[in-house]
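What's counted below: heavy atoms across the whole structure, side chains too, no hydrogens, waters or symmetry copies.
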Amino acid sequence: MFNKKKIVALGLASLLLLAGCGKDSDTNDKETKSNVTSNQAFSEEKPLRIGEDLSKNNRTWFIVEVDGDTGAVSKDSYIKNVLTVKDKKIQNVEAHKFLTEEEAQHQLSYYKLKDLRDFKSTDAFIEQNIKDNEKIWKQEIAKHTKPFTQTQENIGYNDEEWAVYEKDEKRKRELYKTVKYLPPQFLRYRIFLDTDDSGNNVAREGIAIHETTNEMPSAETADQLEKYIKELNEDESVHDDYTSYTLAVFNAFEIYDDAYAGYYLYRSGDLKGALITKTDKDNVAKIVTGLDDLDLEGAIIDQD
């Protein structure tokens, strides 16, 4: 999955040193309690190593878009996914916030990093994301339950063929009403480590993040559709999918009154975003994340 190549320095000293703006974010007891674990201290001297951290700590991470030219994250960077770690598993929620049905259907409108301040806790933010995803899912089902627009003439059916087709399509519409929305699950992840030429040191690290996917089923006939929907509704593992990334560290940075640290995410050599989590403000402009060691339990080493 990952080639044996040393990670090239990214010119990190000049990136992501963002000036903070805005003050006095709202907090409550729930947020304070939930952040006790997620804000555990890590530093240059004792950096966070993601595989080790995922196996030990419950923490909230965000996958965010980055500026394609500079790699910077700003207060207006879009949040693509919210990852909640619990008991060595990850709940991966795709973040949506929409104002119109069209935006919902095309998934064009996402939360921005600054919108975190609109919620009193990260838990409320995640809960809203899940509600948004469910709304999108129900709108997609509604599209499939509307009467079909085909006519006997425009598809060239005779009376007998049309009667069979019409009956099948009507049954499909009823079947779509039975499709269940599956909330994001806590699922497994995988850590991949590639060694350098000596075989003794980690040169590259990757992560495969699993996610709960709701894919609208389709089939030629109502019988086939019924079978597929039954499988989706009864076997949650059908929804289990994952995305793999290669990781690279970068400087911690500040947005509003918060500081974040994390990793760049690459796929097939292209920068796809950043995986970030909160950290202490003392870490701003420092590299406080690192790659895991070869002795990481459960890591897959030098997979082709």
**Q** Taking C-beta and beyond as the side chain, do Leu225 and Glu220 meet within less than 4.5 Å on heavy atoms?
**A** no
**Q** Using 30° and 60° as the class boundaries, would you call the ring planes of Tyr157 and Tyr165 parallel, tilted or perpendicular?
**A** perpendicular
**Q** Pro47 and Gly290: which non-hydrogen atoms are nearest, and at how many Å?
**A** CB-N, 4.2 Å
**Q** What heavy-atom pair brings Lys80 and Val64 nearest, and what distance separates the two atoms?
**A** CD-C, 4.2 Å
**Q** Of the non-hydrogen atoms in Ala261 and Val288, which two are nearest, and what is the gap between them?
**A** CB-CG2, 3.6 Å
**Q** Measure the CG-CZ distance between Asn251 and Phe253 for me, rounded to the nearest 0.5 Å.
**A** 10.0 Å
**Q** Check for a donor-acceptor pair, side chain of Asp115 on one end and backbone N or O of Lys112 on the other, with a separation under 3.5 Å.
**A** yes
**Q** Identify whether Phe186 and Ile191 are in the same connected component of the hydrophobic contact network (ILVMFWY, side-chain heavy atoms under 4.5 Å).
**A** no
**Q** Ignoring hydrogens and angles, tell me if any N or O in the side chain of Asn283 forms a donor-acceptor pair with the backbone of Phe42 under 3.5 Å.
**A** yes
**Q** Between Glu52 and Lys56, does any NZ, NE, NH1 or NH2 come within less than 4.0 Å of an OD or OE carboxylate oxygen?
**A** yes
**Q** Hey, does Asn81 have a side-chain heavy atom less than 4.5 Å from the side chain of Phe62?
**A** no
**Q** Between the side chain of Asn233 and the main-chain N/O of Lys180, is any donor-acceptor distance below 3.5 Å?
**A** yes
**Q** Is there a path of hydrophobic side-chain contacts, each under 4.5 Å between heavy atoms, that joins Val82 and Leu116?
**A** yes
**Q** Do the side-chain N and O atoms of Glu45 and Ser43 include a donor-acceptor pair separated by under 3.5 angstrom?
**A** yes
**Q** Would you please say whether a donor-acceptor pair under 3.5 Å links the side chains of Thr221 and Asp223?
**A** no
**Q** Looking at Glu226 and Arg171, is there a salt bridge between them, counting it only when a charged N and a carboxylate O are closer than 4.0 Å?
**A** yes
**Q** Just how far is it from atom CG of Leu193 to atom CD1 of Ile301, taken to the nearest 0.5 Å?
**A** 5.5 Å
**Q** Which distance, rounded to the nearest 0.5 Å, do you find between the CE of Met216 and the CG of Asn214?
**A** 8.0 Å
**Q** List the steps, then state whether side-chain hydrogen bond (donor to acceptor under 3.5 Å, both in side chains) holds for Ser237 with Asp235.
**A** CA-CA 5 Å; Ser237 67; Asp235 184 5; 2.6 Å; yes
**Q** Taking Asn57 for its side chain and Arg59 for its backbone only, find out whether a donor-acceptor pair lies under 3.5 Å.
**A** no
**Q** Is it the case that one hydrophobic cluster holds both Ile229 and Phe148, taking links as side-chain heavy atoms less than 4.5 Å apart, direct or via other members?
**A** no
**Q** Hey, quick one: are Val249 and Leu83 part of the same hydrophobic cluster, counting side-chain heavy atoms closer than 4.5 Å, chains of contacts allowed?
**A** yes
**Q** Thr279 and Leu48: side-chain contact (heavy atoms from CB on, under 4.5 Å), yes or no, with the steps?
**A** CA-CA 10 Å; Thr279 188; Leu48 181 152; over 6 Å; no
**Q** Does the Lys172 side chain pair with the main chain of His144, one donor and one acceptor, at a distance under 3.5 Å?
**A** no
**Q** Would you say that Lys89 contacts Leu187 through its side chain, given a criterion of any heavy-atom pair below 4.5 Å between the two side chains?
**A** no
**Q** Give me the atom names and distance for the closest heavy-atom approach of Trp162 to Gln150.
**A** CH2-O, 3.4 Å
**Q** Check for a donor-acceptor pair, side chain of Arg190 on one end and backbone N or O of Ala208 on the other, with a separation under 3.5 Å.
**A** no
**Q** Could you tell me whether the side chain of Asp293 and the main chain of Asp295 form a donor-acceptor pair under 3.5 Å?
**A** no
**Q** First locate atom CG of Asn92, then atom CG of Asp241, and finally report the distance between them rounded to the nearest 0.5 Å.
**A** 10.5 Å
**Q** With no hydrogens and no angle check, is any side-chain donor or acceptor of Thr212 less than 3.5 Å from a backbone partner on Gln185?
**A** yes
**Q** Check the pair Lys114, Asp76 against side-chain contact (heavy atoms from CB on, under 4.5 Å), reporting the backbone distance first and the verdict last.
**A** CA-CA 6 Å; Lys114 67 178 181 180; Asp76 291 328; 3.2 Å; yes
**Q** Flag yes if Ile136 and Leu182 sit in one hydrophobic cluster, no otherwise; membership is Ile, Leu, Val, Met, Phe, Trp, Tyr, and two members link when side-chain heavy atoms are under 4.5 Å apart.
**A** no
**Q** Going by heavy atoms in the side chains, are Thr70 and Asp67 under 4.5 Å from each other?
**A** yes
**Q** Between Gly273 and Val66, what is the shortest heavy-atom contact and its length?
**A** C-CG1, 3.9 Å
**Q** Under a 3.5 Å threshold, yes or no: a donor from one side chain and an acceptor from the other, between Thr243 and Glu211?
**A** yes
**Q** Is there a side-chain contact between Ile209 and Tyr189 (heavy atoms, below 4.5 Å)?
**A** no
**Q** Answer yes or no: is there a side-chain heavy-atom contact under 4.5 Å between Leu265 and Leu271?
**A** no
**Q** Run the numbers on Asp194 and Val202 for side-chain contact (heavy atoms from CB on, under 4.5 Å), then give the verdict.
**A** CA-CA 6 Å; Asp194 277 359; Val202 174; over 6 Å; no
**Q** Salt bridge check: are Lys281 and Glu254 linked by an N-O gap of less than 4.0 Å?
**A** yes
**Q** Look up atom CD1 in Ile126 and atom OG in Ser121, then write down how far apart they are to the nearest 0.5 Å.
**A** 8.5 Å
**Q** Return the minimal non-hydrogen interatomic distance between Leu113 and Ser74, and the atom names on each side.
**A** CD2-O, 3.7 Å
**Q** Using modelled atom types only, decide if a donor and an acceptor are shared between the side chain of Asp196 and the backbone of Gly199 within a distance under 3.5 Å.
**A** yes
**Q** Under a 4.5 Å cut-off applied to non-hydrogen side-chain atoms, are Pro217 and Tyr176 in contact?
**A** yes
**Q** What do the steps show when you test Lys170 against Glu174 for salt bridge (Lys or Arg N to Asp or Glu O under 4.0 Å), and what is the final call?
**A** CA-CA 7 Å; Lys170 286 181 178 179; Glu174 293 303 312; over 6 Å; no
**Q** Hey, what's the ring geometry for Tyr111 with Phe125, parallel, tilted or perpendicular (30° and 60° as the breaks)?
**A** tilted
**Q** So do the side chains of Asp53 and Trp61 get within less than 4.5 Å of each other, counting heavy atoms only?
**A** yes
**Q** Decide whether His96 and Asn133 meet the rule of one side-chain donor and one side-chain acceptor closer than 3.5 Å.
**A** yes
**Q** According to the interplanar angle, ranging from 0 to 90°, do the rings of Tyr264 and Tyr266 count as parallel (below 30°), tilted (30 to 60°) or perpendicular (above 60°)?
**A** perpendicular
**Q** Could Arg173 and Glu169 be called an ion pair, given the rule that one side-chain N must be under 4.0 Å from one carboxylate O?
**A** no
**Q** Between Thr289 and Gly262 (side chain of the first, backbone of the second, donor and acceptor by atom type, cut-off under 3.5 Å), is there such a pair?
**A** yes
**Q** Does a salt bridge link Glu134 with Lys138, judged by any charged N lying under 4.0 Å from a carboxylate O?
**A** yes
**Q** Would you please say whether a donor-acceptor pair under 3.5 Å links the side chains of Asn154 and Thr151?
**A** yes
**Q** Find the distance between CD1 (Ile207) and OG1 (Thr246) and round it off to the nearest 0.5 Å.
**A** 11.0 Å
**Q** Pair Lys230, Thr178 - check side-chain contact (heavy atoms from CB on, under 4.5 Å), show working.
**A** CA-CA 9 Å; Lys230 183 178 180 181; Thr178 70; over 6 Å; no
